[in-house]
S.K.: 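Take this structure, written in structure tokens, and hold onto it; I'll ask about it next.
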Amino acid sequence: MHLSEQEIVRRKSLQALRELGVNPYPEAGYETNVTSDEILSRFDDDKPEALKSISLAGRIMSRRIMGNASFAELQDKAGRIQLYFRRDDICPGEDKTKYNQIFKKYLDIGDIIGIKGYAFRTKMGEISVHVEDYTILSKAIRPLPIVKEKDGKTYDAFTDPDQRYRQRYVDLVVNPQIKDVFTKRTKLINTMRDMFNEHGYLEVETPILQAIPGGAAARPFATHHNSLNMPMYLRIANELYLKRLIVGGFDGVYEFSKDFRNEGMDRTHNPEFTVMEIYVAYKDYHWMMDFTEEMIERVAIALHGKTLVQLGDKEIEFKRPYPRITMTDAIKTHTGYDITGKSEDELREICKALDIEIDPSMGKGKLIDEIFGEKCEPHYIQPTFIIDYPKEMSPLTKKHRDNPDLTERFELMVNGKELANAYTELNDPIDQRERFEEQLKLSQKGDDEAMFIDQDFLRALEYGMPPTAGMGIGIDRLAMLMTNNPSIQDVLFFPQMKPEAKPKVDEKSDFVALGIPEEWVDVIFKAGFTEIDALKAENPNKLHQTLCGMNKKHKLGLKNPTQDDVKDWIG
RNA sequence: GACUGAUUAGCUCAGCAGGUAGAGCAUCUGCCUUUUAAGCAGAGGGUCCGGAGUUCGAGCCUCCGAUCAGUCACCA
């Protein structure tokens, strides 16, 4: 294992602590009675004794050692507080080890400690804790990035997205403001859950591992079940299972769920993502629009205390009601074309005229979707319901009560993107079967996202499903909107990343086994050979020169091997 | 997948017409009992992403490759 100088120093400190009888990873819990923010808010200059026997724990984030006194900053879950250490308080007797050795030499930034002491205000006016005793709770043997701040300006910020996402634990430690995004995300979910529970709807769990990935148009992740010897898929949606529960007699069911789609990754797409789907019996999509508006408004207020939310350089007003515009009207407004009653060929002509790329596998529904996506969607910045989608692109949606070419479906658009998708659910089993068969034709035409036919779902519908309204909403996207983050990676603790490229490193002992003296193995590592195979592929004469050169250059004072020695090692 | 840019010390980043690398913080050694991006004095630390080429000489130029970011394309 290759360690940096600082890692070696910390491991030595760890050893030194053990030799002094200090357990750097004690088993016992540490009782605390206050947090950093409570000290700051409760401290009263007239009554400092109110915060006398306090005890708190956290991570050391900075140290300023001044001989026999020192300051440090302790970070706990709530924030930071300054600590004041004085040698003669920590070590009242003759033995000053606990200050001079343990605190000054063997503690580092990043270590987790518990302290006991009392609150006071320093000469400089900062509320601090005068430490009377401290306990090491966990030693950090890897150095944290050091982020400094003065007058609100941040120095040496830890901003590299790759490192931040791969090592989110470090990100959270050194960029504690990131925590706020995630607490807001959880609050968002809790707000929705509270609202659903108030209505008496039931939170349920449905299968993630499915034999038929249904309920949406997307490519699934495929896996294999060994003992059944059959392909299985990770779910792309929960719709069909939740509707089965409505068939079964629940009036309202909802699920917050991870769905998986085997498609591209970018700022707004992660292969696994969270959606909330809810189905309510005896309602239609008009009711669901009211319900959705109320839900979004409640979330905005819960998170921000108001309905006007900053998003980049825009402000989004989440106060209900939101305008409701039919898709046909939206297309008419933004393109001038009236798509009512147009045939597939006529739609193709319109796409051509509008300079929209199409391919032959696209049916009527997809063509219209394409026109809307290209020409209309970006215009809807403020929350807007787009309603009454063409039948072809909504195979699970009930036909529109006034127009058989349309369906009773809405999407909620915010900031030019789809946020929620909902409809009056199709509960006519004959119609549903026909729609699935149309999907099958699309699939045969080359649309690899067309839906599979789920026979069991059809059987369920044949037993009768009450009229139902259903709605799905992307939780990650809602979180992005509500926390002003343009990237999905910023609202996921652990966004999907490519596996970390890790150079293969053979053990030192493997090199020694070749007959190479240990001190030369270090030199070989230093020269960049961390794999036996790479070393063996090297020209022995060149390797000999390289090693002798390293010996000289770094003044190692080793006895150079002969060329034959080197040949023997790698021969 | 395309284009553009990045990759140098543990971290954040400099570097020049091509002449064997610099700063701040961090680390180490001293000094300092109310400091705060503490201070002062000193020290160590680098396959300059990898490979090939041009050159007397490459962190810098050329080519190939890797990774990351942004934009676009694809995709809900």
Side-chain angles (χ1 to χ4, degrees), chain A residues 2-10 12-13 61-73 80 82-90 99 104-105 108-110 120-126 128 130 141-166 170 174 216-219 236-237 259 261-271 273 275 357 359 369 373 377 393 411 417-421 448-449 472 474 476-477 486-489 497-503 523-530 534 546 549-550 553-554:
Chain A
H2 289 98
L3 298 175
S4 69
E5 181 198 8
Q6 293 190 46
E7 287 173 294
I8 292 166
V9 167
R10 286 182 181 226
K12 283 185 179 156
S13 300
M61 295 306 288
S62 73
R63 292 203 303 166
R64 294 180 283 279
I65 293 176
M66 306 171 303
N68 293 329
S70 299
F71 289 90
E73 274 178 298
R80 290 189 186 190
Q82 180 169 260
L83 305 180
Y84 177 59
F85 290 79
R86 203 157 65 176
R87 185 191 66 189
D88 296 339
D89 294 330
I90 303 296
Y99 182 80
K104 276 168 68 172
K105 291 207 191 304
D108 291 293
I109 289 171
F120 75 111
R121 191 184 286 277
T122 66
K123 275 184 192 166
M124 300 300 288
E126 179 161 347
S128 307
H130 191 126
I141 59 171
R142 192 184 278 269
L144 282 173
I146 308 288
V147 180
K148 297 216 173 189
E149 203 186 308
K150 190 188 186 184
D151 302 331
K153 201 174 166 207
T154 304
Y155 298 81
D156 301 337
F158 181 68
T159 55
D160 177 32
D162 188 49
Q163 287 197 70
R164 284 187 46 222
Y165 301 148
R166 280 191 200 284
V170 174
V174 303
R219 278 192 289 269
I236 55 174
D259 286 358
R261 296 187 184 177
N262 204 342
E263 285 159 359
M265 289 161 59
D266 61 25
R267 278 192 339 287
T268 54
H269 297 85
N270 196 63
F273 58 102
V275 298
E357 268 186 62
D359 71 64
D369 189 33
E377 207 173 78
M393 56 193 287
E411 289 196 355
K417 298 201 182 65
E418 174 208 335
L419 178 61
N421 179 20
D448 56 2
E449 289 181 352
D476 308 300
R477 290 190 180 178
S487 163
I488 196 170
Q489 295 172 309
M497 306 283 283
K498 276 195 203 176
E500 214 166 340
K502 209 173 158 197
V523 180
I524 286 169
F525 276 9
K526 199 99 178 160
F529 299 102
T530 54
T546 305
M550 299 268 304
K553 183 180 170 193
H554 294 285

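Labels below follow one simple rule: chain letters A, B, ... track the order of the sequence lines, proteins then strands, and each chain is numbered from 1.
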S.K.: Name the nucleic acid region contacted by A:K104, choosing base, sugar-phosphate or nothing; use a 4.0 angstrom heavy-atom cut-off, strictly under.
M.R.: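 Contact class for A:K104: none.
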S.K.: Can you run through RNA chain B from 5' to 3' and write each base as (, ), [, ], | or . depending on how it pairs? Watson-Crick or G-U wobble, both distances under 3.5 Å.
M.R.: (((((((..((((.....[..)))).(((((.......))))).....(((((..]....))))))))))))....
S.K.: Tell me which of A:R87 and A:D108 sits closer to the 5' end of RNA chain B, going by the nucleotide each one is nearest to.
M.R.: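 In this pair, the answer is A:D108.
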S.K.: Provide the distance between the two C1' atoms, one in B:rA73 and one in B:rU47, to the nearest whole Å.
M.R.: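 Here B:rA73 and B:rU47 have their C1' atoms 38 Å from each other.
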S.K.: Determine the minimum heavy-atom distance between A:R64 and A:S62, stating which atoms define it.
M.R.: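 In terms of heavy atoms, the two residues are closest at NH1-OG, 3.8 Å.
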S.K.: Need one value for A:E411: base, sugar-phosphate or nothing, where a base atom within 4.0 Å counts as base even if backbone is also close, heavy atoms only.
M.R.: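 The residue A:E411 makes base contact.
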S.K.: Say we look at B:rC61 and B:rG44: how far apart would their P atoms be, to the nearest angstrom?
M.R.: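 Result for the P pair: 31 Å, nearest Å.
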S.K.: Between B:rA14 and B:rC25, how far apart are the two C1' atoms, rounded to whole Å?
M.R.: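 Per the computed distance, 15 Å lies between those C1' atoms.
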S.K.: In whole Å, measure the gap between the C1' atoms of B:rU7 and B:rG59 for me.
M.R.: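 These two C1' atoms come out 11 Å apart once rounded.
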S.K.: More 5' along RNA chain B: A:T159 or A:R10, using each one's nearest nucleotide?
M.R.: A:T159
S.K.: For each nucleotide in nucleotides 34-42 of chain B, reading 5' to 3', give B when a protein heavy atom comes within less than 4.0 Å of its base, S when such contact involves only the sugar-phosphate, and - otherwise.
M.R.: BBBBB----
S.K.: Checking all strands, does A:R261 fall into the base, sugar-phosphate, or nothing category for heavy-atom contacts under 4.0 angstrom?
M.R.: sugar-phosphate
S.K.: Using the C1' atom on both, measure B:rG18 against B:rA23 and round to a whole Å.
M.R.: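 Roughly 23 Å separates the two C1' atoms.
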S.K.: Out of the candidates A:D156, A:V174, A:T159, only one should pair with A:V147 under the side-chain contact (heavy atoms from CB on, under 4.5 Å) rule; please name it.
M.R.: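 Of A:D156, A:V174, A:T159, side-chain contact (heavy atoms from CB on, under 4.5 Å) with A:V147 is met by A:V174 alone.
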S.K.: If only side-chain N and O atoms of A:R267 are considered, is one of them under 4.0 Å from the OP1 or OP2 phosphate oxygen of B:rU71?
M.R.: yes
S.K.: If we take the P atom in both B:rU20 and B:rC3, what is their distance in whole Å?
M.R.: 36 Å
S.K.: Ignoring hydrogens and angles, does a donor from either the side chain of A:D266 or the base of B:rC74 sit under 3.5 Å from an acceptor on the other?
M.R.: yes
S.K.: Roughly how many Å apart are B:rA26 and B:rA38, using the C1' atom of each and rounding to a whole number?
M.R.: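 These two C1' atoms come out 15 Å apart once rounded.
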S.K.: Could you give the distance separating B:rG15 and B:rC60 at their C1' atoms, to the nearest angstrom?
M.R.: 9 Å
